[in-house]
Amino acid sequence: MERVKTGITGLDEMLNGGIPARRHVALYGGPGSGKTSFGFEFLYKGAKMKENGVYVTLEETEEDIVENMKTTFPMFTDVNKLIDEKKLNIVKPDKLELEEVANIIEVQITENDVKRAVIDSATMIKLAFKSEIEYRQTLFEFLSLLRNLDCTSITTLEATSPMKSEIKFDIEHFVMDGIINLYNLDREDRRIRALEVFKMRGTNHSRDLVPFKVTPSGIKVYVGEKVF
Ligand SMILES: Nc1ncnc2c1ncn2[C@@H]1O[C@H](COP(=O)(O)OP(=O)(O)OP(=O)(O)O)[C@@H](O)[C@H]1O
Ligand SMILES: [Mg+2]
């Protein structure tokens with residue numbers, strides 16, 4: 001099976017080689033859990049492997065994303081070069097609509113040979129809907145648009161609770177091809193980061209909750225280690 005390597009240390013191993021190509025993955029996490037860093041590294045590593053990417057930012061400005069990510073990952077020294085070469089494209093849509101997001105991705109595929117997309121975060125779009133039914137329908141339409149495109153995507157979604165036991169199932173859990181959960185677990189005197197691959201259609205994967213760190217050279221997932 002064709003796979004897309006995330007390039008994130010440890011994660012590809014958990015996924016038996018990477019995300020199955022042309023699948024659409026939801027990345028869940030609470031505030032500050034690492035969603036933006038995760039999405040950005042997926043695109044950065046892709047760009048380094050000659051797979052161009054587009055980062056569709058729905059909240060922060062393009063400038064803020066670049067500024068924050070260069071601070072988070074100081075060892076990604078060629079971010080600006082990749083942006084100039086259009087291997088890493090960061091776009092903020094004018095409208096908060098999924099149709100507009102699909103449009104941007106389609107244009108990026110045609111113009112910049114983009115193979116990876118990150119949408120950060122879809123929660124803003126979700127909140128704009130008056131009814132759950134309307135959102136459901138639009139999400140289905142959005143996914144069918146994406147399925148016709150030659151691209152693998154990660155969509156971030158804000159989890160309402162940082163607690164593992166309190167995650168409730170939303171519509172996205174059922175329609176997306178894969179789900180990765182990021183946690184900021186509460187320990188007596190600190191918080192620790194952990195992640196799990198909750199589902200990934202079409203591949204076997206680790207079902208462990210594993211610790212991870214955001215480091216200057218990228219995210220490190222400590223496969224085989226226990227979360228204490
Ligand atoms: N250089 C760094 N080294 C270690 N940790 C860092 C570094 N830079 C940022 N962080 C951590 O990463 C967190 C932010 O990660 P990120 O922005 O990816 O999370 P997020 O889930 O997108 O947050 P939000 O909900 O605000 O969008 C910060 O709160 C900080 O704890
Ligand atoms: Mg973020």
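In each ligand, atom 1 is the first atom listed, and ligand 1 is the first ligand listed. This structure is a prediction, so every number in the text was calculated from the model and none was measured.
When each atom of ligand 1 is checked for a heavy atom of R193 under 4.0 Å away, the hits are 11 (C), 12 (O), 13 (C), 30 (C), 31 (O). Atoms of ligand 1 found under 4.0 Å from any heavy atom of P31 (numbered from 1 in listed order, with element): 25 (O). For ligand 1, the atoms sitting less than 4.0 Å from at least one non-hydrogen atom of T72 are 1 (N), 2 (C), 7 (C), 8 (N), 9 (C), numbered in the order shown with element in parentheses. Of all atoms in ligand 1, listed by their number and element, those nearer than 4.0 Å to a heavy atom of G32 are 13 (C), 19 (O), 20 (P), 21 (O), 23 (O), 24 (P), 25 (O), 26 (O).
A donor-acceptor contact under 3.5 angstrom links the side chains of R3 and T203, judged on distance only. Between the side chains of N89 and N112, at least one donor-acceptor pair of N or O atoms lies under 3.5 Å.
Counted within 6.0 Å of CD on E85, heavy atoms from surrounding residues, nucleotides or ligands total more than 12; the atom is thus considered enclosed.
Among all non-hydrogen protein atoms, the one lying nearest atom 3 (N) of ligand 1 is V214 O, 3.6 Å. Of the protein's heavy atoms, S37 OG, 3.5 Å lies nearest to atom 16 (P) of ligand 1. Taking atom 27 (O) of ligand 1 as the reference point, the nearest protein heavy-atom neighbour is T36 OG1, 4.0 Å.
Within the coordination shell of the Mg ion (ligand 2), defined by N, O or S atoms under 2.8 Å, T36 is present.
The hydrophobic clustering, which links ILVMFWY residues whose side-chain heavy atoms are closer than 4.5 Å, places L143 and V114 together. When hydrophobic clusters are built by joining Ile, Leu, Val, Met, Phe, Trp and Tyr residues whose side-chain heavy atoms come closer than 4.5 Å, directly or via intermediates, V54 is grouped together with L149.
Using a cut-off of 4.0 Å between Lys/Arg side-chain N and Asp/Glu carboxylate O, R22 and E2 are scored as salt-bridged.
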